[in-house]
Protein chains: 2
Amino acid sequence: MPERDSTRRVTLDDVAQRAGVHKATVSRALDPATAGLISDETVRRVREAASELGYVPNIVARGLRKKASMTVGVVIPDLTNPFFPPIVRGIEDHLQPRGYTALIANTDGDDAVEEAQFTTLLGRRVDGLIVATGRHGDQPVLERAHEAGVRAVMLNRDAGSLPYPLVTGDDATGITAAVEHLHGLGHRDVVHIAGPLDLSTSIVRADAFRIAIAAHEGMRGSVVEASALTVSAGRESMEAVLADGSPTAVVASNDLIALGVLRALRAHGLTCPGDVSVVGFNDMPFAEDVQPPLTTVHVPTTEMGAEAARMLLRQIDGERQDHARVVLPVSLVVRGSTGPAPR
Amino acid sequence: MPERDSTRRVTLDDVAQRAGVHKATVSRALDPATAGLISDETVRRVREAASELGYVPNIVARGLRKKASMTVGVVIPDLTNPFFPPIVRGIEDHLQPRGYTALIANTDGDDAVEEAQFTTLLGRRVDGLIVATGRHGDQPVLERAHEAGVRAVMLNRDAGSLPYPLVTGDDATGITAAVEHLHGLGHRDVVHIAGPLDLSTSIVRADAFRIAIAAHEGMRGSVVEASALTVSAGRESMEAVLADGSPTAVVASNDLIALGVLRALRAHGLTCPGDVSVVGFNDMPFAEDVQPPLTTVHVPTTEMGAEAARMLLRQIDGERQDHARVVLPVSLVVRGSTGPAPR
DNA sequence: TTGAAAGCGGTACCAT
DNA sequence: ATGGTACCGCTTTCAA
């Protein structure tokens, strides 16, 4: 049972006293990098004392002294969006072995929230940032970060004019593959439901869509902008599309929008892929279990997170990589939501 | 552009110098609780200097002095399991306004990993723990935490003999409702695919299943233990069940297992709910979009997280709540995966 | 090889 | 109302 005040923890001094040496000696003995300076016998005694007392070094105090909090801020729109958990795990699993801990900040796509979250992260003196919420126009938070000299890596959305490196999936190729696939199935009239067009990914995907359509004689494509990358926004957009004549296929900017499209189709008594084929983007978890199994562009989310973590660690280690871009390959996964064009 | 060393940040002393006062005065002026001690004029000057310099207090340094890291460890099996993101957001959204940050630790159900994660959290001197990985037998980590005097709240799985409070859904009622529902549809032969029976939730649900079955004349139920709460484990268990005669309905211990059951049915050319009805548990995100839309027990995950955060904060504020239990109501959501018993 | 002391960026107590 | 100072737990010179 705990004899002392419940919040009192073992410190270096406690260990030092027990081992009969100075706390500086304990510090050296316990750090593999400096243990060589200390006599074997002392190291042994210190280790013993430390383990007897259950000593766990205070990372916070160490960080204060070393000017390294050993934390990394991860800024995302919403952890509840199934796209992000795999990314976060990719990040965490790569940070962990190096002693870094991720601080997750959800912004809900709200600038004011993002500002507040960023201030919190600054207050915690994060050693770096992984940002997955970049907008295309003003990015006040990113600029603040840059001015404050905070290292950062962008994930999936670019940093505008800022020199932060970027990790992304090969969006253009993915969209192109989707359009090719639909073309091969005989579709000639297809709609792209884009995400908000102030997001760099949405823009890239919409542009790729237009180019891919233009590359095919006789294909017609139009772009509709959804108000958000959500199921409900996708559904609303699709309702609008259905209101003035139905296309034979839809390419959605992400899987959530695709789910919204599927719901809208169902509500209108239309079948997928019988009446309308649907292609998603991201291959989110359980995309294969939906109704019908979603044809979508697989994005290596965990690897994206891992790569972002790697790049950030390199930056922290002093490597410069201004404007670096890592583009990860994507692949079309054909499942049940696409089929031959009707009639 | 940053003139100084990129990692140099503004400190209290910088602000003090600029405002022409002592740093202790700045500290007081900036803390609403003590600003009253300082003359209005000084407070004004200090605030001005702080904002001109873009001063952001170092929470880490403050924490060292105040012996409060303002962090909370959240220990979960896997963020990638769709059950957890809503919980985590419920926690974070409640911690945020009080200035606490959540540190997420994934254990992947591995004791060694859990130990390591716990040590990291101890090293970061978390002010409390929310633990969603409790096993039923030995819980070495929890015991270490208890001995170290760490406050904690259990989420969804109990703490054994330890006095930590628990937040959970009303599992027994949920399972009972599922069985009633199936009974009403004419099912008489139903299998429960339980999670690993060293998890307290699995035990509670399996027990409730047996009791509910026994309450209905002429109903037969058997319990099969899955090796994990995953899709693949669910599928394997269902394969085994199908190997020796098929029930008309399955109650799964969670939605992932239910998805595995659906996959197994599909693989065997059986239809749901035509041949076999399936009930899940948790109502995870997009459960309504799967094939077929999943009948499942809705659990208020976000509220569970929020409640756990609340209870932890109360504990941090000094309130005792040993062995407290908060049981949140659940409700059966009937969708497409259940139907009348065949023949 | 080890000890002493300063300092990281704050807070809080004691003076004035 | 404000300044001075010690201290939180650790690392890192500088001495011995």
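Residue numbering restarts at 1 for every chain, and letters A, B, ... go by the order of the sequence lines. Bear in mind the structure is a predicted one, so any value in this text is a computation, not a measurement.
Taking 4.0 angstrom as the limit, A/Ser27 places none of its side-chain polar atoms (N or O) nearer than this to OP1 or OP2 of D/dC10. Distances shown here put every side-chain N or O of B/Arg65 at or beyond 4.0 Å from the OP1 or OP2 atom of D/dC7. Residue B/Lys67 places at least one side-chain N or O under 4.0 Å from the OP1 or OP2 atom of D/dG9.
Of all nucleotides in DNA chain C, those with any atom nearer than 4.0 Å to a heavy atom of chain A start and finish, going 5' to 3', at C/dT1 to C/dG10.
The end-to-end axis angle of the helix from C/dT1-D/dA16 to C/dT16-D/dA1, rounded to 10 degrees and based on five pairs per end, is 50°.
Under the side-chain hydrogen bond (donor to acceptor under 3.5 Å, both in side chains) criterion, B/Glu115 pairs with B/Arg144, sequence neighbours left out. Judged as a side-chain hydrogen bond (donor to acceptor under 3.5 Å, both in side chains), and not counting sequence neighbours, A/Arg47 has no contacts. Every residue two or more places apart in sequence or in another chain was checked for a side-chain hydrogen bond (donor to acceptor under 3.5 Å, both in side chains) with A/Thr201, and none qualifies. Residues that satisfy the side-chain hydrogen bond (donor to acceptor under 3.5 Å, both in side chains) test with A/Thr42, not counting sequence neighbours, are A/Ser39.
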Using a 3.5 Å cut-off and no angle test, enumerate the donor-acceptor pairs between side-chain atoms of residues 48-58 of chain B and protein atoms at least two apart in sequence or in another chain.
{"from": "B/Glu48", "atom 1": "OE1", "to": "B/Arg44", "atom 2": "NH1", "distance (Å)": "3.1"}
{"from": "B/Ser51", "atom 1": "OG", "to": "B/Glu48", "atom 2": "O", "distance (Å)": "3.4"}
{"from": "B/Glu52", "atom 1": "OE1", "to": "B/Arg18", "atom 2": "NE", "distance (Å)": "2.8"}
{"from": "B/Glu52", "atom 1": "OE1", "to": "B/Arg18", "atom 2": "NH2", "distance (Å)": "2.7"}
{"from": "B/Asn58", "atom 1": "OD1", "to": "B/Val60", "atom 2": "N", "distance (Å)": "2.9"}
{"from": "B/Asn58", "atom 1": "OD1", "to": "B/Ala61", "atom 2": "N", "distance (Å)": "3.0"}

Please tabulate, for the side chains in residues 23-32 of chain B, all donor-acceptor contacts under 3.5 angstrom to protein atoms that are two or more places apart in sequence or on a different chain.
{"from": "B/Asp31", "atom 1": "OD1", "to": "B/Ala33", "atom 2": "N", "distance (Å)": "2.9"}

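Residues from residues 117-127 of chain B lying near DNA chain C, meaning a heavy-atom separation below 4.0 Å, are absent. The stretch residues 28-37 of chain B comes close to DNA chain D through B/Arg28, B/Leu37, each having a heavy atom under 4.0 Å from the strand.
In this structure, B/Val60 reaches neither bases nor backbone, as no heavy-atom distance under 4.0 Å exists between it and the strands shown.
Under the salt bridge (Lys or Arg N to Asp or Glu O under 4.0 Å) criterion, the residue pairs touching residues 80-100 of chain A are A/Arg89-A/Asp93, A/Arg89-B/Asp78, A/Arg89-B/Asp108, A/Arg98-A/Asp317, with sequence neighbours excluded. The list of side-chain hydrogen bond (donor to acceptor under 3.5 Å, both in side chains) pairs with a residue in residues 301-314 of chain B, not counting sequence neighbours, reads B/His94-B/Arg310, B/Glu307-B/Arg310.
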